[in-house]
Amino acid sequence: MSQVLSIQDLHVSFFTRKGEVKAVDGVTFHVDRGEVFGLAGESGCGKSTTAYAILRLIKPPGKIIGGRIVCDGIDVLNLKEEDLRAYRWKKVSMIFQNAMNCLNPVHRVSDQIAEAIMVHESVSKRDAISRAKQLLSLVGIDESRANDYPHQYSGGMRQRAIIAMALALNPVLLIADEPTTALDVVVARQVLEVLWDMKKRFGLSVLFITHDLSTLAEFSNRIAVMYSGMLVEMADTKSLLSNPLHPYTDGLVKSLMSLTRRGEKLWSIPGSPPDLAAEIKGCRFRPRCPIAMERCFSKKPEFIEVGQGHYVACHKVVS
Ligand SMILES: Nc1ncnc2c1ncn2[C@@H]1O[C@H](COP(=O)(O)OP(=O)(O)O)[C@@H](O)[C@H]1O
Ligand SMILES: [Mg+2]
């Protein structure tokens, strides 16, 4: 199967007053054409930074320190400034975290989508509007609502409009960064189904970012779990959920399984995520790890394939 995105040993740091914050510290994964690849992990572990790096949107004090990103044959980190705009919309498009609050309040929704099309393609306004309306209808927004202003939409409708906009230029890869986090459970579900439908219809590949593993259980082909700027585990969804090998993944899966019907969490991973600016010797998860052993204090575990396509970075597993 061919790869639509390949990321090798990506390093992104923020240079702050506290020192170098290694937000992405040696991340390697790929997304196959046509798959939904889930990137999961607690808030602050580097998920959005990874996505921004793929789009070359890291701004100072952040910097891409090293690594290689290839998207649909394009060597992204060596792309010229003038080629970035086309790359960003036509190859990869992104639904940003909190995007639904970023629609322009003074423009009609159909106009905003049409505008995005006209900036990148030489089409008439009329054709662009008609395409915008088609896209809105695909995501379940009736033609009669296409000319509304964003504030006339519900949260779920705004997020569906954002999906329509992200698909306007037929990208090969869609990055969706916490696309349902701001929505209540029922609406989130509807938005996920729209995304799933669009994925099938357009033959999209999706990099789906979330802090909530349960969102990925149903829709993703594979999952990578990120912790403190690194990947700790990666596998096909079924293996990851039924046989989590890393103690952090194990904790995430346990807390997922212990969700009550009312949505309360009964189990959570003790401790809090590490300060990324602090140097931790050995394994970064070690301060929270229930099964840490001596080696974990001194040696950083490598990310190793332990089963077919199942990777893990843990001394306990690979010793
Ligand atoms: N603009 C910034 N300036 C300084 N540090 C930042 C900035 N953006 C992100 N970071 C650092 O990078 C880490 C990862 O952030 P982010 O990628 O947004 O995490 P996630 O999306 O997983 O919640 C944060 O914990 C923070 O320390
Ligand atoms: Mg984020």
Side-chain angles (χ1 to χ4, degrees), residues 5 7 9-29 31 36-67 69 76-77 88 92-102 159 162-163 166 173-183 188 191-192 195 206-216 220 223-234 240 246 248-249 251-252 255-256 268-269 271-280 284-285 287-288 303 313:
L5 175 74
I7 298 185
D9 202 24
L10 180 67
H11 291 260
V12 185
S13 290
F14 291 94
F15 294 89
T16 67
R17 259 181 294 161
K18 277 171 78 185
E20 180 180 359
V21 175
K22 293 178 178 172
V24 179
D25 194 14
V27 161
T28 299
F29 68 89
V31 178
V36 177
F37 184 88
L39 184 60
E42 285 165 303
S43 176
C45 71
K47 305 181 299 295
S48 294
T49 304
T50 304
Y52 275 70
I54 296 167
L55 283 165
R56 284 265 305 270
L57 283 173
I58 300 288
K59 301 255 152 59
K63 194 173 184 329
I64 297 173
I65 304 294
I69 299 175
V76 177
L77 300 185
R88 280 183 193 139
V92 189
S93 74
M94 179 155 163
I95 298 172
F96 291 92
Q97 210 167 337
N98 300 318
M100 67 185 210
N101 300 320
C102 300
Q159 193 63 331
I162 290 288
I163 294 173
L173 175 70
L174 175 69
I175 302 176
D177 191 0
E178 310 262 12
T180 57
T181 303
L183 304 167
V191 169
L192 275 180
L195 203 54
V206 182
L207 172 57
F208 193 105
I209 296 174
T210 180
H211 68 277
D212 174 20
L213 208 52
S214 71
T215 322
L216 297 173
S220 67
I223 298 177
V225 176
M226 194 164 181
Y227 186 82
S228 183
M230 299 174 189
L231 296 189
V232 293
E233 187 158 4
M234 178 166 74
L240 192 107
H246 194 282
Y248 178 62
T249 318
L252 289 180
S255 64
L256 179 70
S268 68
I269 299 162
S272 47
D275 176 358
L276 288 168
E279 212 35 70
I280 293 179
R284 286 205 171 170
F285 185 62
R288 289 170 83 182
F303 196 53

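Sequence positions, counted from 1, serve as the residue numbers for this chain. Keep in mind that this is a model prediction, so the values were computed, not measured. Both counts, for ligands and for their atoms, begin at 1 and track the order of listing.
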| Side-chain H-bond candidate by donor/acceptor type, R284 with Y248, under 3.5 Å | no
| message | I want to know whether F285 and H246 have ring centres closer than 6.0 Å. | response | yes
| said: Checking D212 against S214: is there a side-chain donor and acceptor pair closer than 3.5 Å? | reply: yes
Quick one: ligand 1 N/O to protein N/O pairs below 3.5 Å?
unit_1	atom_1	unit_2	atom_2	d
ligand 1	17 (O)	S48	N	3.4
ligand 1	17 (O)	T49	N	2.8
ligand 1	17 (O)	T49	OG1	2.5
ligand 1	19 (O)	G46	N	3.3
ligand 1	21 (O)	S48	N	2.8
ligand 1	21 (O)	S48	OG	2.9
ligand 1	22 (O)	C45	N	3.2
ligand 1	22 (O)	G46	N	3.1
ligand 1	22 (O)	K47	N	2.9
ligand 1	22 (O)	K47	NZ	2.9
ligand 1	23 (O)	G44	N	2.6
ligand 1	25 (O)	G44	O	3.1

| query | Taking the six-membered ring for Trp, is the centroid-to-centroid distance between F37 and F29 below 6.0 Å? | reply | yes
| request: Confirm or rule out an N/O/S atom of S48, from backbone or side chain, lying less than 2.8 Å from the Mg ion (ligand 2). | output: yes
| message | Assess, by modelled atom type and distance only, whether the side chains of S48 and D177 contain a donor and an acceptor separated by less than 3.5 Å. | response | yes
| request: May I ask you to check whether Q97 brings an N, O or S atom to under 2.8 Å from the Mg ion (ligand 2)? | output: yes
| field | Close side-chain approach of I58 to K63, heavy-atom, < 4.5 Å | value | no
| Any pair counted as ring pair (Phe, Tyr, Trp, His ring centres under 6.0 Å), so long as it reaches residues 43-64, sequence neighbours left out | Y52-F96
